[in-house]
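To start, the structure itself, in structure tokens.
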Amino acid sequence: MAKERGKNDCSREQRKTEFLEAAERLFKEKGIIKTSVNTIVKELDVAKGLFYYYFKSKDEVIDAVLEKYSNMFEEHLATACCEDGTYEERLECFIITMIESFGKVKLKFGVSREDSDMAILSNRILKEEKSYASNKLCLLLEEGNRLGVIDVQYPTYLADMIVSGVSDFSAIPNVNAEHVKDMILQSILSSRKDGQDGRI
């Protein structure tokens with residue numbers, strides 16, 4: 001009985017994923033406004049009632065797409081926050097992973113001016129991801145201060161500035177991620193408590 005329930009749960013989750021993938025595909029092809037619940041069910045060739053079994057509305061599907069990409073971004077960044085290596089190595093790993101992560105989002109949701117409703121979704125995703133990345137980077141900067149490796153006076157503001165900059169840089173085609181990473185590292189590590197440079 002438990003085995004049968006697990007199988008049903010799996011197929012339910014599979015069907016829900018199919019709805020999400022179809023909706024996301026249609027959002028990109030037609031735009032969010034022009035994609036109705038009817039369009040989604042027609043794409044999957046299923047009854048409209050089945051859609052409402054999984055989702056209350058189209059807005060709930062949009063939220064689910066947003067959550068999907070936010071989770072992917074957070075998981076990718078979480079892998080860069082391991083405890084192994086020196087502080088400098090972990091900071092470098094985090095920064096390069098953040099640059100790559102924003103680049104993937106921009107690639108996935110690169111939108112033209114005509115796609116104004118897709119831009120709204122893209123901006124919502126970026127807002128969530130920037131907030132998450134800023135919090136993680138702020139924690140790393142505060143840790144560096146505690147360890148005496150760096151001397152950053154305003155870690156929250158610096159983290160926000162760096163993350164915003166990385167997000168903007170990722171929109172530039174063929175951006176040199178290594179160069180961006182080196183600039184950021186140099187900026188942070190120049191605040192070392194060695195008396196040579198001022199606090200940032």
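Residue numbers count from 1 along this sequence.
- Considering CG of L50 and CD1 of I40, their distance stands at 12.0 Å, rounded to 0.5 Å.
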Go through the steps for K58 and I32 under the test side-chain contact (heavy atoms from CB on, under 4.5 Å), then give the verdict. CA-CA 9 Å; K58 188 175 85 172; I32 295 173; 4.2 Å; yes
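- How far CG of L66 is from CG of L126: 10.5 Å, rounded to the nearest 0.5 Å.
- E100 CD to T97 OG1: the interatomic distance, rounded to the nearest 0.5 Å, is 5.5 Å.
- For S131 (side chain) and K127 (main-chain N/O), no donor-acceptor pair under 3.5 Å exists by modelled atom type.
- Separation of the Y69 and F73 ring centroids does not fall under the 6.0 Å cut-off.
- A heavy-atom distance below 4.5 Å is found between the side chains of I99 and I95.
- Following chains of ILVMFWY side-chain contacts shorter than 4.5 Å, one cannot reach L139 starting from V149, and the two form parts of different hydrophobic clusters.
- Ion pairing between E24 and K28 holds under the 4.0 Å rule for side-chain N and carboxylate O.
- In terms of heavy-atom proximity, C138 sits nearest to P155 at SG-C, 4.0 Å.
- The distance from atom CD of E142 to atom CD1 of I150, rounded to the nearest 0.5 Å, is 9.5 Å.
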Can you list the steps and then say if K16 with E13 is a salt bridge (charged side-chain N to carboxylate O under 4.0 Å, His left out)? CA-CA 5 Å; K16 190 172 183 178; E13 209 48 49; 5.3 Å; no
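- A donor-acceptor pair under 3.5 Å is formed between the side chain of T35 and the backbone N or O of L26.
- No donor-acceptor distance shorter than 3.5 angstrom exists from the side chain of S70 to the backbone of E67, with no hydrogens or angles considered.
- Using a 4.5 Å heavy-atom cutoff, the side chains of V46 and R15 are in contact.
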Go through the steps for M98 and I162 under the test side-chain contact (heavy atoms from CB on, under 4.5 Å), then give the verdict. CA-CA 10 Å; M98 177 175 62; I162 289 170; 4.1 Å; yes
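- Side chain of S167 to backbone of V163: no donor-acceptor contact under 3.5 angstrom is found.
- Formation of a donor-acceptor pair under 3.5 Å by the Y87 side chain with backbone atoms of L140 is found in this model.
- Salt bridge E143/R146: absent, no basic N to carboxylate O contact under 4.0 Å.
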Tell me, with the steps shown, if Y54 and L20 meet side-chain contact (heavy atoms from CB on, under 4.5 Å). CA-CA 10 Å; Y54 294 103; L20 274 178; over 6 Å; no
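- A salt bridge links E178 to K181: at least one charged side-chain nitrogen sits closer than 4.0 Å to a carboxylate oxygen.
- Side-chain N or O atoms of S164 include none that pairs as donor or acceptor with a backbone N or O of M161 at under 3.5 Å.
- Taken to the nearest 0.5 Å, the CD atom of E129 stands 11.5 Å off from the NE2 atom of H76.
- Connection of M183 to I96 is not established within any shared hydrophobic cluster, with ILVMFWY side chains joined at heavy-atom distances below 4.5 Å, either directly or through further cluster members.
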Candidate pair F19 and V61, rule side-chain contact (heavy atoms from CB on, under 4.5 Å), full reasoning: CA-CA 8 Å; F19 272 110; V61 175; over 6 Å; no
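- Summarising the geometry, atom CD1 belonging to I184 is positioned 8.0 Å from atom OG belonging to S187; distances are rounded to the nearest 0.5 Å.
- Taking a cutoff of 4.0 Å between a charged side-chain nitrogen and a carboxylate oxygen, D63 and R124 qualify as a salt bridge.
- Side chains of F94 and L137 form a contact here, defined as non-hydrogen atoms less than 4.5 Å apart.
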